[in-house]
Amino acid sequence: MTDLLESLNSAQRAAVTAPDGPVLVVAGAGSGKTRVLTTRVAWLLEHGVYPSQVLAYTFTNRAANQMKERVATLVGETNAPFWIGTFHATGARILRSHADRLGLARDFAIYDTDDQKRLLKNVFADLNVDAKQFAIPAARAAISTWKNEDDSPEQARSKAKTFVEETYVKVYEGYQKALRACKAVDFDDLILETVHLLETCDDVRDLYAGKFRHVLVDEFQDTNALQLLLVRLLSSVHGNVFVVGDDDQSIYGWRGARVENMLEFEQHFPGTHLYRLEQNYRSVGIILDAANALIANNKRRKGKNLWTEAARGDPISVEEHLDAEDEAARVVEIVRREQSLGRERGDITVMYRTNAQSRLLEDALRRARVPHQVVGSVQFYERREIRDLLAYLKLTANPADEVSLQRIINQPKRKIGDTTVSRLLACAREHAIAAGDLVMRSDLLRDALGPAAAQRVLQFLGQLAAWRRDAADGKPVPALLERIIADIQYEAFLRDDEPETALGRLENVAELLNGAHAFHEAADGGTLVQFLEQIALVADQDAIRDGEGAVRLMTVHTAKGLEFPVVVVTGCEDDLLPHATSSDTAAGVEEERRLFYVALTRARTRLYLLHAARRRRYGAYEDSLPSRFLGEIPAELCERRQIDHGWRLPPPRTASADADRYSASAIAGRRARSPASSWDRDVAQVSPFYEGQTVVHASFGAGTVVRVEGAGDDLEVTVEFLDHGRKHILPRFAPLHPVD
DNA sequence: GATCGATGATTTTTT
DNA sequence: ATCATCGATC
């Protein structure tokens, strides 16, 4: 067991070997948090705890898999019955085992955000709520908030103050009924119903609270009220709760996460042992200093002092670009530059606040033929053709799933319109028969629909019945999916429907089939319900493949918990980071600051912070100010550059606007508007050229930069031209252009 | 019931 | 700017 602890520092070792009872580990960024958690599990196992007695919660499935692997490596056992997973996945597992106790169907479907919205659309219609007046996404969010605070519709009603809230309460009630009629639960239910199960069924609570002798939680700062309640229920017998987190990295407040869970942990669990990990093993000194200085501006925090023994490293590049297109072009340059310095593409990650920003970056990288991978965002499973096929599978697994039925009953076209679908669903409800099962009551259908429509519906339901028999007979998921694709002639449909995009879509279909095969092999003949559950819960964040040699693009939220040698943060602008919707409250800005802190602390050795002077919003350009957070980073840690707008940029789109923008008075105005910051101190005019860059000269043609000297008007660049050898160029006189 | 074109909302982050 | 939804027309 000494081996286990050997490579740990004293604080880490103390945490790993903490006595039984509640333990809180406050772990700064890069301080070996995951390591402590995994080693703790291994240490417990070496001290007589069985794998089946350990329950470990992680924030993502990716983290869960990683942890399973690491623990397995430490203890040399790969098939131990660990319960390591997200709150949602673990909830689903418990609920499936005891669904009957809550009046749930064992094969319940799991509805994601898109399914929820579709269902809400129906609920709005049933309740005569005007979707123009009361937004569906807002209703969804309200319901989610209620569920995360453990409020039933009745409790929500007593809290509702405005007419709008009361309407949403009505919708909540109708939604919950409709959801159960579809034999479905939503994401929030996976936790909420687990809590209800443990609260109402003493025997079940004793079962799990007794079975798990140790409950561990990663990323505790991002747990919500419900999750805390669940942890308390599960540890009610033994009190062995081991949680790890960093209050400075709490970035899910909008999802109900409460830093208070961490700040007030000792009140919830008296007798807590507290450990602090403050030595950072990830970042070079300059980056760590920048992050520390930034986060010191937050008031609500436990406070810590991260330090490192690592070298200082290079200054942080803080760069202004004219617009988002230029910014994207610069990202390509950075990738090239870093590669010329011997870095792998896979070492470089580009981050942004909103998913919408990824598109321009992707375009630029694609044009430059730089292999790249967008992590998250428009996820594979959100593509239309994939969702359609999954809806076929979902309906096969669960004929009560009205949302899936509505999605595909006329896709491909079967001449079944909205009117027919409404009548079909009404008929199903009236007779309390799942819509998919009405095939057995063709008499009812003929009464409800009229002969022609009934005929078409029956034909479709007949197909569905055949697939259901296949599934019941244990036909493997890949074979079932292949059969469905063949039966509905999906490939032909895709080709005819939209020939331009058909190829890509067919590739996606093939990819889904691959996934089904992989599942079948890995799960050793898993069931259809298991396949669907895995897809519902496992976002393709897990698709982060190591060593693929691709530049990775992701939101800052997605990057949480990861680290990369080189990080480029784009869009460091006010109203984007901090985002406009969070800028009006102090708490909002503090969460955005934590988000920026997460971004900075992902970087090991090299950090670029980019911002554009203007950016398109809803089609039209709007001016952007540098993020206020940039001003909170000490100037001496940065190398700030303002690309020379004069000659580097394409001709101004509106000459007067550009002239205005960069006039002395415009800059003075911006200074006056922005908070007093170090930002304006030295906006040096630094060269846009760097060694190794490919450039074009009017008379010498293409070449490679070998040396850059001076700045501004004295800039002097040495270029090795392909046809004319080595020359000294003064860009002030002889235009030299970077090649993108 | 399907198709085309106009209209209006949309952008915060995810299990 | 782009996408989804809605309405009018076939």
Side-chain angles (χ1 to χ4, degrees), chain A residues 57-64 85-92 110-114 116-118 121 131-132 135-138 140-141 144 147-148 185-192 219 222-224 226-227 250-257 324 351-360 375-379 381-382 384 409-422 450 452-453 456 497 533-542 554-561 571 575-583 588 591-592 594-596 598-599 615-622:
Chain A
Y57 283 120
T58 59
F59 192 73
T60 62
N61 295 290
R62 182 219 306 146
T86 62
F87 279 94
H88 295 90
T90 309
I110 298 171
Y111 275 10
D112 65 14
T113 309
D114 184 70
Q116 286 182 289
K117 286 189 200 153
R118 284 166 178 267
K121 206 178 146 197
K132 288 202 181 96
I136 287 178
R140 198 208 65 81
S144 181
K147 288 191 173 185
N148 280 315
V185 303
D186 61 26
F187 272 128
D188 300 319
D189 282 339
L190 291 175
I191 300 168
L192 181 60
E219 308 279 10
D222 279 322
T223 52
N224 64 27
L226 216 45
Q227 289 164 336
S250 169
I251 55 174
Y252 283 89
W254 50 275
R255 208 170 86 181
M351 291 170 14
Y352 35 80
R353 175 67 230 268
T354 67
N355 283 307
Q357 291 168 253
S358 71
R359 188 182 221 145
L360 279 176
V375 182
S377 78
V378 187
Q379 286 161 357
Y381 295 114
E382 295 191 358
R384 201 172 54 208
I409 192 167
N410 203 29
Q411 184 83 8
K413 301 266 184 290
R414 297 187 179 88
K415 303 195 169 187
I416 301 172
D418 290 344
T419 327
T420 305
V421 175
S422 308
R456 292 194 284 262
D497 186 49
E533 175 166 317
Q534 180 183 306
I535 284 174
L537 296 176
V538 179
D540 62 352
Q541 289 210 352
D542 308 72
M554 64 185 82
T555 64
V556 184
H557 281 90
T558 300
K560 187 173 87 154
D575 290 349
L576 205 49
L577 188 59
H579 197 271
T581 49
S582 307
S583 298
E591 176 150 319
E592 297 286 317
R594 292 193 293 269
L595 193 56
F596 197 49
V598 168
R615 187 176 292 273
R616 289 193 133 98
R617 270 180 88 88
Y618 300 116
Y621 276 115
E622 276 178 34

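Values reported hereafter were calculated over all heavy atoms of this structure, with side chains retained and with hydrogens, waters and symmetry mates removed.
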Euclidean distance, atom CG of residue L226(A) to atom P of dT15(B) [Å, nearest integer]
18 Å

Send over the distance from H579(A) NE2 to dT10(B) C1', rounded to a whole Å.
11 Å

Sort me out a list of protein N/O and nucleotides 2-6 of chain B N/O pairs below 3.5 Å, or just none if empty.
from, atom 1, to, atom 2, distance (Å)
dA2(B), OP1, K415(A), N, 3.3
dA2(B), OP2, N410(A), ND2, 3.1

Any idea which of dC3(C), dT13(B), dT15(B) is nearest the T60(A) side chain?
dT15(B)

Given dG1(B), is OP1 or OP2 found less than 4.0 Å from the side-chain N or O atoms of T420(A)?
yes

Please give, in whole Å, the distance from dT15(B) C1' to W254(A) CH2?
9 Å

Using side-chain hydrogen bond (donor to acceptor under 3.5 Å, both in side chains) as the criterion, list what pairs up with R118(A), not counting sequence neighbours.
D114(A)

Rounding to an integer number of Å, can you tell me how far D188(A) CG sits from dT14(B) C1'?
11 Å

Is it the case that more than 12 heavy atoms not belonging to R456(A) sit under 6.0 Å from its CZ atom?
yes

Please identify each residue that fulfils side-chain hydrogen bond (donor to acceptor under 3.5 Å, both in side chains) with E592(A), with sequence neighbours left out.
R353(A), S582(A)

Go through the structure and list residues passing side-chain hydrogen bond (donor to acceptor under 3.5 Å, both in side chains) with T354(A), not counting sequence neighbours.
Q357(A)

Expressed in whole Å, how much space separates the C1' atoms belonging to dA4(C) and dT13(B)?
22 Å

What contact category does T113(A) fall into here, base, sugar-phosphate, or nothing, at under 4.0 angstrom with non-hydrogen atoms?
base

Is there aromatic stacking of Y252(A) on dT14(B) here, judged by a ring-centre distance under 5.5 Å and a plane angle under 30°?
no

d(CG, N355(A); C1', dC3(C)) in whole Å:
16 Å

Using distance alone, with no hydrogens and no angle criterion, decide if T581(A) and H579(A) have a side-chain donor and acceptor under 3.5 Å apart.
yes

Taking atom P of dT15(B) as reference, at what distance in whole Å does atom CG of N148(A) sit?
14 Å

Nearest-Å distance for atom pair CD/P, residues E622(A) and dA1(C):
13 Å

R414(A) meets the side-chain contact (heavy atoms from CB on, under 4.5 Å) criterion, sequence neighbours left out, with Y392(A), N410(A), P412(A), I416(A), F460(A), Q463(A), I488(A)

Classify the nucleic acid contact of T86(A) as base, sugar-phosphate or nothing, counting any heavy atom under 4.0 Å across all strands shown.
sugar-phosphate

Using a 4.0 Å heavy-atom cut-off, does T419(A) contact any base of the nucleic acid, only the sugar-phosphate backbone, or nothing at all?
sugar-phosphate

Taken to the nearest whole Å, CG/L537(A) to P/dT15(B) is 10 Å

State which residues pass side-chain contact (heavy atoms from CB on, under 4.5 Å) with D186(A); sequence neighbours excluded, sorted by chain then number.
Q116(A), K147(A), Y175(A), L179(A), D188(A), D189(A)

Counting side-chain heavy atoms from CB outward, which of dT15(B), dT10(B), dT13(B) is closest to T555(A)?
dT13(B)

